[in-house]
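One structure is given below, encoded as structure tokens.
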Amino acid sequence: MENRYTFDAAAVAEKLIQWTKDYFSKAGEGTKAILGMSGGKDSTVAAAVLAKALGKDRVIGVSMPQGSQSLNEADKICEYLGIKMYTVNIGKACDGLLEGIAAAGEELSKASVQNIPPRVRMTTLYAIGQTNNARVVNTCNLSEDYIGYATKFGDGAGDFSLFANLTVTEVLAIGDYLGVPYQWVHKTPDDGLPHSCPDEEKIGFTYAELDIYIRTGVKPEGYVHNNPDEGLKVDKINRMHLANLHKLQPMPSFNV
């Protein structure tokens, strides 16, 4: 199958801006948007879309470093976009929760510990958002959602999503169309965890390969991390997608 997929960034960006205006026209007069500002591509482009659609005074960015974590230029991005920014250090909140769980006699897995900060960040966004009559933005994109690269009830939560149907490649193109500085749009993505490494190093295939597969069905060639023992890239993509569908689908419920 040939890769014949094309993307009109200008047309989609303008439709996205109009969709955002329409969504907020039904949310109530003066309703604002609030989002976590990690300094990464998704939050940066999302903030640019919101500022364009709603006006700078109706967008709130919140940087939430954990302990000594850096702001990753989130302050500079918010200043450039002209939006209000809060900085809330979640280090003590995370430490307190871990101490409380340990005192109860439970030793958490590494994955559980890593997922606490994203969930504390979402709690923070909803707290500040409710006080400011603001809807919480989900900044995950289709590529990350497809392989489950988000924390359930953490960065995977929100009131509305701008990029749920847009791949990483498409989000970058929209950022370029909006004129957001290149170094912020094309910053190497990572999970933001202490001692983190770039996403693509961790998962073993590129977002470009994943995006082509999602849009055209063209399978990425080769092995994960170029290691035959880890299996084919396409097989890992499919495994991750199936294993993480619970993050995307409605909660199963018993029907009498």
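Counting from 1, the numbers follow the sequence of the chain as shown. Scope of the values below: all heavy atoms of this structure, side chains included, with no hydrogens, waters or symmetry mates.
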Discussion item. Looking at N165, I'd like to know if its CG atom is crowded, meaning that more than 12 non-hydrogen atoms belonging to other residues, nucleotides or ligands lie closer than 6.0 Å.
Written reply: no
Item to complete: Determine, using the 4.5 Å side-chain heavy-atom cutoff (strictly less than), whether V171 and V185 are members of one ILVMFWY cluster.
Response: yes
Worksheet item: Looking at E209 and K233, does any basic side-chain N land under 4.0 Å from a carboxylate oxygen?
Response: yes
Worksheet entry | More than 12 heavy atoms from other groups under 6.0 Å of NZ on K52 | no
Item to complete: Can you measure from NE2 (H225) to NZ (K202) and round to the nearest 0.5 angstrom?
Response: 10.0 Å
Worksheet item: Nearest 0.5 Å, what's the CG-CD1 distance between L98 and I116?
Response: 4.0 Å
Worksheet item: With a distance cut-off below 6.0 Å to the six-membered ring centre and an angular limit of 45° from the axis, does K41 pair with Y207 as a cation-pi contact?
Response: yes
Worksheet item: When you look at Y146 and D211, which way does the side chain to side chain donor-acceptor pair (under 3.5 Å) test go after all the steps?
Response: CA-CA 10 Å; Y146 193 86; D211 294 350; over 6 Å; no
Discussion item. As a test of understanding, state which of D155, L210, N244, I203 forms a side-chain contact (heavy atoms from CB on, under 4.5 Å) with Y149.
Written reply: I203
Worksheet item: If you count the non-hydrogen atoms of other residues, nucleotides and ligands that lie under 6.0 Å from CD in E230, is the total more than 12?
Response: yes
Worksheet item: Within a radius of less than 6.0 Å around CD of E14, do more than 12 heavy atoms belonging to other residues, nucleotides or ligands occur?
Response: yes
Fill in: Atom OH of Y126 with >12 non-hydrogen neighbours under 6.0 angstrom
yes
Worksheet item: Shared ILVMFWY cluster between I34 and Y23, side chains joined below 4.5 angstrom?
Response: no
Worksheet item: Does a side-chain N-to-carboxylate-O contact under 4.0 Å join K187 and E73?
Response: yes
Item to complete: Using the rule that two of Ile, Leu, Val, Met, Phe, Trp, Tyr join whenever any of their side-chain heavy atoms come within less than 4.5 Å, decide whether I214 and V224 are in one cluster.
Response: no
Worksheet entry | Neighbour count >12 (heavy atoms, 6.0 Å) for atom CD, Q183 | yes
Discussion item. For K219, is the NZ atom crowded, meaning more than 12 foreign heavy atoms sit under 6.0 Å from it?
Written reply: no
Worksheet item: Quick one: does D159's side chain have a donor or acceptor within less than 3.5 Å of a partner on R135's backbone?
Response: no
Worksheet, complete the sentence: For I237 and P220 the tightest heavy-atom approach is CD1-CG, 3.9 Å
Fill in: Value rounded to 0.5 Å, distance of NZ in K26 from NZ in K21
15.0 Å
Worksheet item: Shortest non-hydrogen contact from M37 to A47?
Response: SD-CB, 4.0 Å
Item to complete: Please state whether the rings of W19 and F160 are parallel, tilted or perpendicular, taking 30° and 60° as the class boundaries.
Response: tilted
Worksheet item: Between Q69 (side chain) and Q66 (backbone), is there a donor-acceptor pair under 3.5 Å?
Response: yes
Worksheet, complete the sentence: Only residue of I17, I83, V137 satisfying side-chain contact (heavy atoms from CB on, under 4.5 Å) with L50 is V137
Worksheet item: Given the rule in the side chain to side chain donor-acceptor pair (under 3.5 Å) test, do D42 and T139 qualify, once you have shown the distances and angles that lead to the verdict?
Response: CA-CA 6 Å; D42 295 308; T139 59; 5.9 Å; no
Worksheet entry | Inter-residue atom distance N238.CG - I147.CD1, 0.5 Å rounding | 11.5 Å
